[in-house]
Number of protein chains: 4
Amino acid sequence: MSDARKPDPARRSERSRHAILEAARALIGEVGYGKVSIEAIAARAGVGKQTIYRWWPSKGAVVFESILALSQDAEGGEVALPDTGDLEADLKLVMRATAAEFADPAFDAPIRALTMEIVNDPGLAAQYHERLAGPLDEAKKARLRAAQEAGQLAADADLDLVLDVLYSPLHRRWLHRSGPLTPEYADALVDVTLRAFRP
Amino acid sequence: MSDARKPDPARRSERSRHAILEAARALIGEVGYGKVSIEAIAARAGVGKQTIYRWWPSKGAVVFESILALSQDAEGGEVALPDTGDLEADLKLVMRATAAEFADPAFDAPIRALTMEIVNDPGLAAQYHERLAGPLDEAKKARLRAAQEAGQLAADADLDLVLDVLYSPLHRRWLHRSGPLTPEYADALVDVTLRAFRP
Amino acid sequence: MSDARKPDPARRSERSRHAILEAARALIGEVGYGKVSIEAIAARAGVGKQTIYRWWPSKGAVVFESILALSQDAEGGEVALPDTGDLEADLKLVMRATAAEFADPAFDAPIRALTMEIVNDPGLAAQYHERLAGPLDEAKKARLRAAQEAGQLAADADLDLVLDVLYSPLHRRWLHRSGPLTPEYADALVDVTLRAFRP
Amino acid sequence: MSDARKPDPARRSERSRHAILEAARALIGEVGYGKVSIEAIAARAGVGKQTIYRWWPSKGAVVFESILALSQDAEGGEVALPDTGDLEADLKLVMRATAAEFADPAFDAPIRALTMEIVNDPGLAAQYHERLAGPLDEAKKARLRAAQEAGQLAADADLDLVLDVLYSPLHRRWLHRSGPLTPEYADALVDVTLRAFRP
DNA sequence: TAATAAGCGAGACGGTACGTCGGGTCTTCAC
DNA sequence: GTGAAGACCCGACGTACCGTCTCGCTTATTA
């Protein structure tokens with residue numbers, strides 16, 4: 001018999017929820033992820049601490065959701081990669097854009113914060129894959145499948161592996177700051193990947 | 001003219017230094033990186049807190065050095081990859097070993113802790129590359145160079161890129177827990193890499 | 001316009017307040033004023049340090065209030081000196097009692113602690129005079145006024161000065177440990193005082 | 001069998017001793033007795049902490065000696081009260097001077113510090129009486145004895161008690177800040193005392 | 001005249017307490 | 001009857017000093 005009084009989602013204040021996520025997002029940008037505190041979020045959002053604890057299990061969860069919301073806003077809803085018929089050109093376009101995004105300081109802080117959460121909390125990692133990475137990967141794989149049908153990619157290529165080879169080096173270079181995120185590097189990754197998986 | 005009174009390294013107690021690093025290492029394994037506190041390290045090491053603050057700028061730096069010391073002890077000094085003449089076999093051996101290490105819970109906690117530090121602190125990232133990753137990468141590149149001379153790898157291949165393609169996907173899968181670290185996955189990465197960079 | 005967020009007295013926990021004062025009082029008796037620490041008081045009272053810092057500005061203030069509370073409890077409320085009509089006898093009774101109290105080790109430690117606070121902090125000195133010394137002095141002066149009306153004391157005597165002459169030597173002898181606090185000394189002070197202020 | 005290696009006074013550095021006492025005295029005036037630390041004294045005096053601990057048992061002892069030295073310097077050596085033949089005038093002169101000294105902020109801090117030490121440490125209290133208060137009291141009693149011989153004071157008066165009555169009220173008023181230290185108050189105390197002890 | 005031992009400056013060390021920040025829980029009051 | 005406000009207990013922070021303990025380096029006898 002559980003005594004845990006669960007809050008009633010129907011009564012939840014949308015106003016508070018939004019203010020909290022917005023405050024979290026703003027604070028990450030201002031003081032850095034490590035120094036964001038629940039108290040500061042509550043104060044900034046004009047909200048009692050309890051209201052945060054009622055609806056989120058941890059600071060990480062709030063931060064995670066605030067950034068997730070941001071990303072989902074940006075996308076709008078549907079995600080699709082360009083398809084001009086020229087796989088190499090399309091991929092280079094996307095990879096260069098990805099590299100530029102990672103290099104943009106305005107994106108760096110929140111994405112880094114999000115990554116920290118994922119790394120430390122398997123539960124959040126699962127949510128991340130389900131809600132953010134999954135759909136994006138599906139979009140990418142759709143483009144790759146079209147390429148396979150067009151004979152530009154080995155028909156038996158494991159598309160997850162293709163994505164791994166394509167994105168992981170860029171991601172790691174960003175995360176570890178082990179080198180510059182140049183358009184040339186983006187291009188090189190596309191070249192390598194296409195060479196490895198050509199029909 | 002700096003007023004900062006810097007401690008005199010000549011007077012530093014080797015006994016304390018060692019006890020602190022050892023305590024840090026032990027605590028990471030026991031309670032997880034996030035819950036390690038300077039107080040706990042000091043208490044465990046039988047040391048005053050000031051002795052930690054005197055020699056390290058942050059908890060991260062202590063943790064970083066404790067794990068670095070651990071890794072360097074393990075290596076002994078010289079690092080060299082096996083060279084049987086069969087590049088594919090040699091790489092698969094190494095990659096399978098790497099995958100197994102990442103999968104080992106005893107290694108997971110400290111390496112994850114180390115990674116968090118690197119991600120958050122560019123200064124530590126630089127130290128990491130210089131003192132740990134650099135030498136290892138050099139050893140790997142030495143093996144790859146031998147393969148180039150033997151005509152098993154494209155002579156003009158950028159060896160840093162080869163390493164990126166080889167290791168990054170494994171590293172990312174481990175960090176994000178986005179899939180199992182199986183020997184098969186290790187093998188697949190070797191296959192992909194060799195295909196991409198064959199002569 | 002002050003930004004200092006002042007705590008709300010209405011929400012104050014009477015339970016904590018009482019536990020803190022009691023713990024302070026006990027510790028003074030056990031380890032001596034100088035060695036009492038806020039940490040020890042908090043631990044003994046089962047209270048967070050912040051709860052002490054929220055309501056008192058300094059260790060001195062806590063100690064002061066704890067002893068003040070003790071004294072006020074002891075008094076009950078109304079204070080009155082004996083009045084048998086024989087001024088000399090009445091004063092000797094009171095002075096001997098005072099001397100005995102100062103000589104009692106159980107009273108010595110806290111009163112000495114209180115005195116230290118008063119000496120060092122003019123603010124506390126003012127509080128002391130208002131809340132403790134003032135009422136007592138009034139009671140004493142009431143007895144002296146009765147004596148004046150009975151013609152046992154000069155009608156124009158400055159009663160504050162009378163009290164000074166009567167009590168100060170005893171107080172100083174106690175504080176400086178410059179001599180024993182005997183009944184004879186108490187009597188001698190009464191004799192001197194009456195001689196100086198006889199009609 | 002004591003292992004305690006006692007320092008050899010013959011080898012003591014007069015230079016250090018003087019610098020320490022001077023630093024202590026200066027710091028009391030600057031930051032107040034409570035905030036003076038051994039570390040600060042050592043730093044100010046350009047002396048190692050050990051040199052202080054070698055020669056003094058406690059902070060109190062250093063402070064005590066520093067002020068004692070100050071007072072003894074001021075006196076020069078011989079102390080004697082004025083003797084014009086008019087006891088009342090002589091005493092009023094002295095008492096007014098004493099009141100003025102207590103009221104002078106430059107004297108207040110060190111004397112208050114000295115008093116704190118005496119109050120808290122019976123050992124220092126004894127030293128104080130022997131080295132400072134004793135000689136002064138003797139000088140005062142010498143003047144009073146002359147007055148007795150001149151028939152201006154009761155021949156059987158207890159001179160220690162006379163001094164108590166004369167000085168204690170002033171001292172207490174200063175210590176407790178319970179009233180202003182005016183010349184009028186000084187005069188009143190002389191009047192009262194002479195009335196109480198007239199022949 | 002050397003050696004030897006003490007005092008000395010400096011400051012690292014194991015500790016205790018400081019006063020502050022923030023975590024997560026609980027209660028009170030206004031809307 | 002939610003939610004703001006914020007007091008509460010608690011744990012950790014980074015700092016200041018405590019008193020002890022080496023270090024080299026003068027000095028100043030003693031062999």
Side-chain angles (χ1 to χ4, degrees), chain A residues 7-8 10-13 15-17 19 35-43 45-55 57-59, chain B residues 5-13 15-17 19 35-43 45-55 57-59, chain C residues 5-13 15-17 35-43 45-55 57-59, chain D residues 5-13 15-17 19 35-43 45-55 57-59:
Chain A
D8 176 356
R11 289 183 175 277
R12 183 168 188 179
S13 157
R15 207 182 151 286
S16 295
R17 186 186 150 278
K35 286 175 192 159
V36 173
S37 68
I38 297 261
E39 296 229 337
I41 296 174
V47 141
K49 281 201 287 178
Q50 200 56 257
T51 303
I52 297 181
Y53 285 112
R54 186 152 29 229
W55 301 108
S58 68
K59 181 181 86 168
Chain B
R5 315 291 293 106
K6 279 178 195 156
D8 177 356
R11 289 182 178 277
R12 182 165 189 180
S13 160
R15 208 182 152 285
S16 295
R17 189 188 145 274
K35 286 174 193 160
V36 173
S37 67
I38 298 259
E39 296 229 336
I41 295 174
V47 141
K49 280 197 287 177
Q50 202 59 40
T51 301
I52 298 182
Y53 286 112
R54 186 152 32 230
W55 302 109
S58 66
K59 182 180 84 168
Chain C
R5 316 290 292 108
K6 280 178 195 155
D8 177 357
R11 289 181 178 275
R12 182 166 189 178
S13 159
R15 209 182 150 285
S16 296
R17 188 186 146 276
K35 286 175 192 157
V36 173
S37 68
I38 297 261
E39 297 228 337
I41 295 174
V47 140
K49 279 198 287 179
Q50 202 62 268
T51 301
I52 297 182
Y53 286 111
R54 188 157 24 236
W55 302 108
S58 67
K59 182 180 85 168
Chain D
R5 317 284 290 106
K6 281 184 194 151
D8 175 357
R11 286 180 177 278
R12 182 168 188 179
S13 159
R15 207 182 151 284
S16 294
R17 186 185 149 277
K35 286 174 193 158
V36 173
S37 68
I38 297 260
E39 296 230 338
I41 295 173
V47 140
K49 281 199 287 176
Q50 199 59 257
T51 303
I52 297 181
Y53 286 110
R54 183 149 35 227
W55 302 107
S58 67
K59 181 182 87 169

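Remember, predicted model here, so these are calculated numbers, not experimental data. Computation of the quantities below employed the complete heavy-atom set of this structure, encompassing side-chain atoms and omitting hydrogens, waters and symmetry-equivalent molecules. Lettering follows sequence order; numbering is per chain, from 1.
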Nucleotide nearest B:Arg11 (side chain, heavy atoms from C-beta), chosen from F:dA7, E:dA10, E:dC8: E:dA10
When you get a sec, tell me which of F:dA7, F:dC9, E:dG24 is the closest nucleotide to the side chain of C:Val47? F:dC9
For C:Arg54 and F:dA5, give me the distance from atom CZ to atom P, rounded to whole Å. 17 Å
For residues C:Ile38 and C:Lys59, report the shortest heavy-atom separation together with the two atoms involved. CD1-CA, 3.9 Å
Both B:Ile38 and C:Arg15 contact DNA chain F. Which one's nearest nucleotide lies toward the 5' end? C:Arg15
Shortest side-chain distance from C:Ser13, nucleotide among F:dT20, F:dC8, E:dC13: F:dC8
Between B:Tyr53 (OH) and F:dA12 (P), how many Å, whole number? 12 Å
Separation of F:dA4 atom P from C:Asp8 atom CG, nearest Å, is 18 Å
When you match B:Val36 and D:Lys59 each to their closest nucleotide on DNA chain F, which lands nearer the 5' end? B:Val36
To check you understand the geometry: which heavy-atom pair defines the closest contact between C:Pro7 and C:Pro9, and what is its length? O-CD, 3.2 Å
Interatomic distance, B:Ile41 CD1 vs F:dG14 P [rounded to whole Å]: 11 Å
Assert: residue with more 5' nearest nucleotide on DNA chain E, out of B:Gln50 and C:Glu39, is B:Gln50
Between C:Ile52 (CD1) and E:dT20 (P), how many Å, whole number? 13 Å
Taking the side chain of D:Arg12 as heavy atoms from C-beta outward, which of E:dC8, F:dG3, F:dC13 is closest to it? E:dC8
Reading DNA chain E from 5' onward, which residue's closest nucleotide shows up sooner: A:Ser58 or D:Arg17? D:Arg17
Might you point out which heavy atoms bring B:Asp8 and B:Trp55 nearest each other, and give the distance in Å? O-CH2, 3.4 Å
Please determine if a side-chain N or O atom of D:Thr51 lies less than 4.0 Å away from the OP1 or OP2 oxygen of E:dG9. yes
Can you see if the side chain of C:Trp55 gets near the phosphate of F:dA7 - specifically, an N or O under 4.0 Å from OP1 or OP2? no
For the base of E:dG19, is there a side-chain donor-acceptor partner from C:Lys49 under 3.5 Å away? yes
Counting only heavy atoms not in D:Arg12, do more than 12 fall under 6.0 Å of its CZ? yes
Think B:Ser37 has a side-chain N or O under 4.0 angstrom from the OP1 or OP2 of F:dG11? no
Does atom CZ of C:Arg54 have more than 12 heavy-atom neighbours from other groups under 6.0 Å away? yes
Give a yes/no answer on whether the side chain of B:Ser16 brings an N or O atom under 4.0 Å of OP1 or OP2 in E:dA12. no
